[in-house]
2 protein chains.
Amino acid sequence: MDLRKLRYFKVVADEKHIGRAAKVLHISQPPLTRQIHQLEEDLGVTLFNRTPKGMELTDAGRLFREEVNNIFGLIEQATERTQKAGQGRLGRLDIAIFGSGIMGDIPKILLAFKERYPEVNVVLHTMDKGEQINALRQKRISLGFNRMLAPLPDISSELVTTEKLLLAINSNHPLAALPEIPFTEISDIPLILFPSSNRPNFIDKTIRLCQLSGFTPHISQEVGDAVTGVALVASGFGACLVPQSATVLSLPGVVYKPLIDTPDEAEVDLSCIFRKEDESPLLKAFLEILIGYRTEKSQ
Amino acid sequence: MDLRKLRYFKVVADEKHIGRAAKVLHISQPPLTRQIHQLEEDLGVTLFNRTPKGMELTDAGRLFREEVNNIFGLIEQATERTQKAGQGRLGRLDIAIFGSGIMGDIPKILLAFKERYPEVNVVLHTMDKGEQINALRQKRISLGFNRMLAPLPDISSELVTTEKLLLAINSNHPLAALPEIPFTEISDIPLILFPSSNRPNFIDKTIRLCQLSGFTPHISQEVGDAVTGVALVASGFGACLVPQSATVLSLPGVVYKPLIDTPDEAEVDLSCIFRKEDESPLLKAFLEILIGYRTEKSQ
DNA sequence: TAATTTAATACCTTAAAAGTATTGAGATGG
DNA sequence: CCATCTCAATACTTTTAAGGTATTAAATTA
């Protein structure tokens, strides 16, 4: 069986005439006759009744014509879908986010991607940093969003955004009256820090920042993520350093205050990570959207 | 695009290794390498990631593998169905029957056919003789059952059965008391005859039979079919000559009596007709069943 | 009956797939 | 770190099969 024969068959069936069909196919009549004969022999079925007027499909031939149309339809669909997949316009992209990553830039990027590539099925998984790296290596995900990434030989990363740090503080606290809070004031406040796992993390960074400013922070509580941290601020546990994106969490009794006189590094970056050797067009497409989003934002 | 390439692709995808795949395909490695390259070029999509360990499907390649499996499945189905159709085991067979043809042998033959060829869709049409011949010529049907057929150049026929004639008579009639009725007794009885159309028909035959026995029948009424005829017998219109198969109609007040001392031709044949040049395997299959039924019955 | 039209056959040419030998690139192991 | 091994890829030749030209055979039509 051979697609050439099927193509030829279709034309002969349409034209009901070997000579005319040969013209349509831009070949001469004898090879076409032969191909049709071979097709009939392959199938063991007479597809045409030969008449002195031309060729007429048999019942079996008529059925076969339908089937052949289905086959070509399926082949066309297969090529189209495969080409889309090859361009990263079709498929499934597994992405990991972290606890409070639903806020800020990530949903905007995801939205931009889904709009540009509507046929890509984006599946989100919530994982912390360590889980993300495992999942990447096991190819359970293709991409992870996270902060504070240590370099790894098999994992690449791409910066998404850097955010200034704000202080989430209870509105009853005296410092909440100031429009901006000098960084060293933090030394006197019990701090809620997160996340509690996967060093190096934001906790380490905070401690270093304090040391740069010449004090050791008073750690009130370590929690898993920003949401929990801000909730504790509302309950009066202390203050919490959060990235700007966390300010979408508006809880009663919590205000977000800009910091002044901070060390230069008083900002935190959000990056995405992926396998260094991942050549997938889906990933490439996603990173393009990401970079597009980043440059658009910086303008 | 070429089925050979798809076949090769499948094996390489399974083996993840050009050399092994080439062995499986009983060809050498270089042509296989080339075919895979050509396939990728045709599609414009990289289907495999080449590693020093072998070949690994890309996402697009994985999708394409699924599609290729579907394509081969469809091709297999197409060949099977076409072969069945070529053997008359699949398709549609349009058959005409006449008014009272639902009785007797025809349903038995249809049943035998459907049992032997369950995938053939038998479609029944009720037509009189003239309509059947038209429909045959226009290929709206492939087969018609009828009686009293005059030979035609483009129509062949095959005898189904011959049936003795019986007299359907009202049970109140004096003759109904006899176990058998001498044929000449008919001359005194008003006769109901059928069918009223498409000469030569059963009416002509009856008149000829009477003349052979030396009398002219007293025609009470011409009706369309046996069912109507027997119904009129029940109402006392007269008697009606019917083929044996009509005796399945048991109406109150009607008895069926064998005839004695009849002319030799006092029987009627049931035949089926079809286009002389019809080579359809479906028709051939049906005629085989028909002949099988006939020989079985004659034993 | 001759002419025409159809598919089929015989024979040759061309294109493409398969084979052989070899290369090049990347990993592995002493 | 170099030799070796194992892949896929390339260069070139052979074989196979598809395509072309010329002709035939059969059947219909003028």
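Here D:dA17 presents its P atom at 11 Å from CG of A:D2, a figure rounded to the nearest Å. Here the C1' atom of nucleotide C:dA25 and the CD1 atom of B:I18 are 16 Å apart, to the nearest Å. The distance from atom CD of A:E41 to atom P of C:dA8 is 13 Å, rounded to the nearest whole Å. The interatomic distance linking B:H17 (NE2) with D:dA9 (P) rounds to 12 Å, in whole Å. Put simply, CZ on B:R20 is 11 Å from C1' on D:dT6, counting in whole angstrom units. For the pair A:D42 CG and D:dA17 P, the computed distance is 12 Å after rounding to whole Å. Straight-line distance from the OH atom of A:Y8 to the C1' atom of D:dG20: 12 Å, rounded to whole Å. Computed from coordinates, the A:L32 CG to D:dG20 P distance equals 10 Å when rounded to whole Å.
Of the residues near DNA chain C, A:R4 and A:G19, the one whose nearest nucleotide (by heavy atom distance) lies more toward the 5' end is A:G19.
Without hydrogens or angle criteria, A:N201 side chain to A:D204 main chain gives a donor-acceptor distance under 3.5 Å. In this structure, the side chain of A:R89 does not engage the main chain of A:Y117 through any donor-acceptor pair within 3.5 Å. Between the side chain of B:E158 and the main chain of B:C272, no donor-acceptor pair closer than 3.5 Å is present. Here the side chain of A:S142 pairs no donor or acceptor atom with the backbone of A:L283 at under 3.5 angstrom.
Rounding to the nearest 0.5 Å gives a distance of 10.5 Å between NZ of A:K23 and CD of A:Q29.
Contact check of residues 47-65 of chain B against DNA chain D (heavy atom, cut-off under 4.0 Å) returns B:R50, B:P52, B:G54, B:M55.
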Find every protein N or O atom lying less than 3.5 Å from an N or O atom of nucleotides 19-24 of chain C, and list the pairs.
{"unit_1": "C:dG19", "atom_1": "OP2", "unit_2": "B:S28", "atom_2": "N", "d": "2.6"}
{"unit_1": "C:dG19", "atom_1": "OP2", "unit_2": "B:S28", "atom_2": "OG", "d": "3.3"}
{"unit_1": "C:dG19", "atom_1": "O6", "unit_2": "B:R34", "atom_2": "NH2", "d": "2.9"}

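Under the 3.5 Å distance criterion, with hydrogens and angles disregarded, no donor-acceptor pair is assigned to the side chains of A:Q83 and A:T79.
Aromatic ring centres of B:F9 and B:F48 lie closer together than 6.0 Å.
Look at A:D154 and A:R275 and you find no salt bridge, because none of the NZ, NE, NH1 or NH2 atoms lies under 4.0 Å from a carboxylate O. Salt bridge A:K297/A:D105: present, at least one basic N to carboxylate O contact under 4.0 Å.
Note on B:Q35: a side-chain N or O is less than 4.0 Å away from OP1 or OP2 of C:dA18.
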